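Just below is one structure, and these are the notes that go with it.
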Number of protein chains: 4
Amino acid sequence: MKKSDKHQKILNAAIKVFGQKGFFNARISDIAKEADVADGTIYLYFNNKYDILLTLFEEEIGKLITEIRAAISQKSDQREMLYIFALHHLRLVIEKKELAEVLQMELRQSGESIKEYRRTKFADYVNIISEIIRTGQENNIFRRDLKPGIIKRAFFGALDEMSRLWILNPSHKYTVEESAEAISDIFLNGIVAD
Amino acid sequence: MKKSDKHQKILNAAIKVFGQKGFFNARISDIAKEADVADGTIYLYFNNKYDILLTLFEEEIGKLITEIRAAISQKSDQREMLYIFALHHLRLVIEKKELAEVLQMELRQSGESIKEYRRTKFADYVNIISEIIRTGQENNIFRRDLKPGIIKRAFFGALDEMSRLWILNPSHKYTVEESAEAISDIFLNGIVAD
Amino acid sequence: MKKSDKHQKILNAAIKVFGQKGFFNARISDIAKEADVADGTIYLYFNNKYDILLTLFEEEIGKLITEIRAAISQKSDQREMLYIFALHHLRLVIEKKELAEVLQMELRQSGESIKEYRRTKFADYVNIISEIIRTGQENNIFRRDLKPGIIKRAFFGALDEMSRLWILNPSHKYTVEESAEAISDIFLNGIVAD
Amino acid sequence: MKKSDKHQKILNAAIKVFGQKGFFNARISDIAKEADVADGTIYLYFNNKYDILLTLFEEEIGKLITEIRAAISQKSDQREMLYIFALHHLRLVIEKKELAEVLQMELRQSGESIKEYRRTKFADYVNIISEIIRTGQENNIFRRDLKPGIIKRAFFGALDEMSRLWILNPSHKYTVEESAEAISDIFLNGIVAD
DNA sequence: GATGAATGAGACTTCATTCAT
DNA sequence: TATGAATGAAGTCTCATTCAT
């Protein structure tokens, strides 16, 4: 399809430009140039600048969910699943650096529609964690005195902060595997010495 | 002092306005109105809009560091210290809601000077955690196979994500104490059932 | 050409507005209105307000040089050439009154780039005089004890002051021909009675 | 007198600042700082920024007239007088460099009140030349077929352009004496070889 | 008279969006 | 569909002037 071709082309350009400059510092003309279309063309596919960001969230997070679910579904032990989630999440940060930057930055903005996203699409992504936790608790793998909602946030927050480090300071001190392992280990076993 | 009066008055106004609208959507005239001064007056105290944000970071984070260090210094056990850090951090989010919002949002922006802040002042704040960890490891309270740098980020990220929840969705499901306790418990003991 | 159309349209508007109000009192919106374009359009063709002035000097003085060289090249006697220069220069002041005003006024400003213009493009214009003088000296038509550089300035200054009179006080007491003749006569023969 | 003390102090500061930056680029605070008074103090002595410029013209040109008249009155031959005027004028440019710059630049502006000055006070100064010419013509020293009004402008313009050279390019190629002599020689005897 | 902090009108400039081609 | 020149609203910042002290 011609239309969806350009739609995605513009979206990819927007990921790149938003990732590099942030939403507010990005110019429509930057995106147009990156996508190799005319400025006006963008308005044939999107209502306005903000709509590009929202569409980007909607569609790209959708893809992430699909990918990460596929990866997790191959494991049966919830402890392993947690590790896989961590590994996959951190890998995405490396592989889709620019998308990760956009999500990191813009998902923190305070626009009402953004908040909506955190409550819907993005929540779906993070809820993968609480599903794992809940199942793990049902299987008596995880402690039942801890609320999955809190663990979910703590676990995601830990990964997210790690990503932020890489985004802000691209020369990694820690590898993806090492980090994924360390973080899931901390959550699974705690940091207190025996 | 008259001068520092207005300096702080403008800064407080900026915290409020930036917190509500975000840096880019905030107008100098919004801050001026909130501070009850003329637009031009702001430029007697700050070089430009961005300088307000930077000064805000510099001065307000400085205060946070002082406060939290004072709170921690009253404990001797590093496990307790971690809990106190969590408790204090989350309390600040509630008490200084607007400042927390600004830090949450704007510290994620991609401006070069912002990155600088994460590397300096803000890093000082987060490094309080790694200091605790390191001392705890020296005292054989904490496992020595985990890198303090990773624990620091994981722990701070967990708290930070929790804060974000409250900022974006002000009707708390979890109390501050409960959350601080849960998160420090997870980190100290892990989530795996015995 | 559409593009150069508007470029020149804006430049003409700028000549008019700068001529009437001076560079500093002229508003971009004045020029835009005069050129019958939107304010923003001006910035599609010029970098900033000052750039309009500089471009104006560059391009318009270029045209003057071409014109006056063409007029002079038709004479062979350097005495006549001097008269033709005077005549042509004063005619330009009448015909391109507004451009003359801009040059009169703004070329005296102290901006660094303006000084640059006096040293380059504008100097080319005035140097036409010293070329005539030098050739006249070589042909033994003019006294050789006088430095062409001084004569050049004296002659140009005389014409320039005359122009100023007309610009500041548009009701001429003296005609162009009379003035050109009188000034070249003074320079050629001096004012001392035989 | 206290009052006139500060009045002149501010005026001197204005000469310096206007001379360096031009009227429009000069700030009231620049002048205040240079005069070592508070910004507000300036408004106790002058109505507004423009009034400083006008007063400056009025008073300083008045002094020049007095000085140059005194110098001329010592000669009896109009040819010598013309030389003395040239010499004195060019000396002033060197000695009161900054005032000369202000006069050079600002007297060319197009404000209505400025035009008024050229027609009154400043005209008085230049009219010294035409008085000399007229008397010279009456004494049969100068040709009577040339209008004093034109000679006046040509002579003043020649000197003025010379001054401009020095102002824009402070490293003089020609000395004051040499220049004054050359210019009066050109006017008295013409440039045509015998 | 003197101060200088405060004011606020207004300028330049940017850039999302439109629309004639 | 696609273009990109043109638009014009709106924001940041400056600075002459005022006025309470």
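Values below: every heavy atom of this structure, side chains too, minus hydrogens, waters and symmetry copies. As the structure is a computational prediction, the values presented were derived from the model and not from experiment. Proteins get letters first, then strands, A, B, ... in listed order; numbering begins at 1 in each.
Using a 4.0 Å cut-off, no side-chain N or O of Tyr43(A) falls inside it from OP1 or OP2 of dC19(E). A close approach under 4.0 Å does occur between a side-chain nitrogen or oxygen of Tyr45(A) and OP1 or OP2 of dA2(F). Phosphate proximity of dT12(F) to Arg27(B): present, with a side-chain N or O under 4.0 Å from OP1 or OP2.
Judged by distance alone, the side chain of Glu106(D) and the main-chain N or O of Phe23(D) form a donor-acceptor pair under 3.5 Å. Formation of a donor-acceptor pair under 3.5 Å by the Lys49(C) side chain with backbone atoms of Ala26(C) is found in this model. Side chain of Lys97(B) to backbone of Gly19(B): no donor-acceptor contact under 3.5 angstrom is found.
Nearest-nucleotide mapping onto DNA chain E: of Phe24(C) and Gly40(B), the residue sitting toward the 5' end is Gly40(B). Heavy-atom nearest nucleotides on DNA chain F were determined for Asn47(B) and for Asp39(C), and the one closer to the 5' end corresponds to Asp39(C). Ranked by how close their nearest DNA chain F nucleotide is to the 5' end, Ala38(C) and Lys49(B) are led by Ala38(C).
Computed from coordinates, the Leu44(A) CG to dT3(F) P distance equals 9 Å when rounded to whole Å. Regarding Asn25(D), its CG atom lies at a distance of 14 Å from the C1' atom of dA11(E), rounded to whole Å. The nearest whole Å value for the distance from the CZ atom in Phe23(B) to the C1' atom in dT12(F) is 11 Å. We find that CD1 of Ile10(A) is positioned 12 Å from C1' of dT1(F), with the value rounded to whole Å. Put simply, NZ on Lys6(C) is 16 Å from P on dG4(F), counting in whole angstrom units. Straight-line distance from the CG atom of Asp36(A) to the C1' atom of dG4(F): 14 Å, rounded to whole Å. If you take CD1 of Ile42(C) and C1' of dA5(F), they are 15 Å apart, rounded to a whole angstrom. Look at CD1 on Ile28(D): it is 14 Å from C1' on dT14(F), rounded to the nearest Å.
Applying the Watson-Crick and G-U wobble criteria (two distances, each under 3.5 Å), dT21(F) pairs with dA2(E). Using N1 to N3 plus N6-O4 or O6-N4 for Watson-Crick, or N1-O2 and O6-N3 for G-U wobble, each under 3.5 Å, dT14(F) pairs with dA9(E). Base pairing annotation: dA9(F) forms a Watson-Crick or G-U wobble pair with dT14(E), both donor-acceptor distances under 3.5 Å.
The neighbour count for Lys16(A) NZ, taken as heavy atoms of other residues, nucleotides or ligands under 6.0 Å away, does not exceed 12. The 12-atom threshold is exceeded at NZ of Lys63(C), counting heavy atoms of other residues, nucleotides or ligands nearer than 6.0 Å.
Among the nucleotides dA6(E), dT3(F), dC15(E), the one closest to any side-chain atom of Thr41(A) is dT3(F).
Residue Ala26(B) is classed as a sugar-phosphate contact, given heavy-atom separations below 4.0 Å to backbone atoms only.
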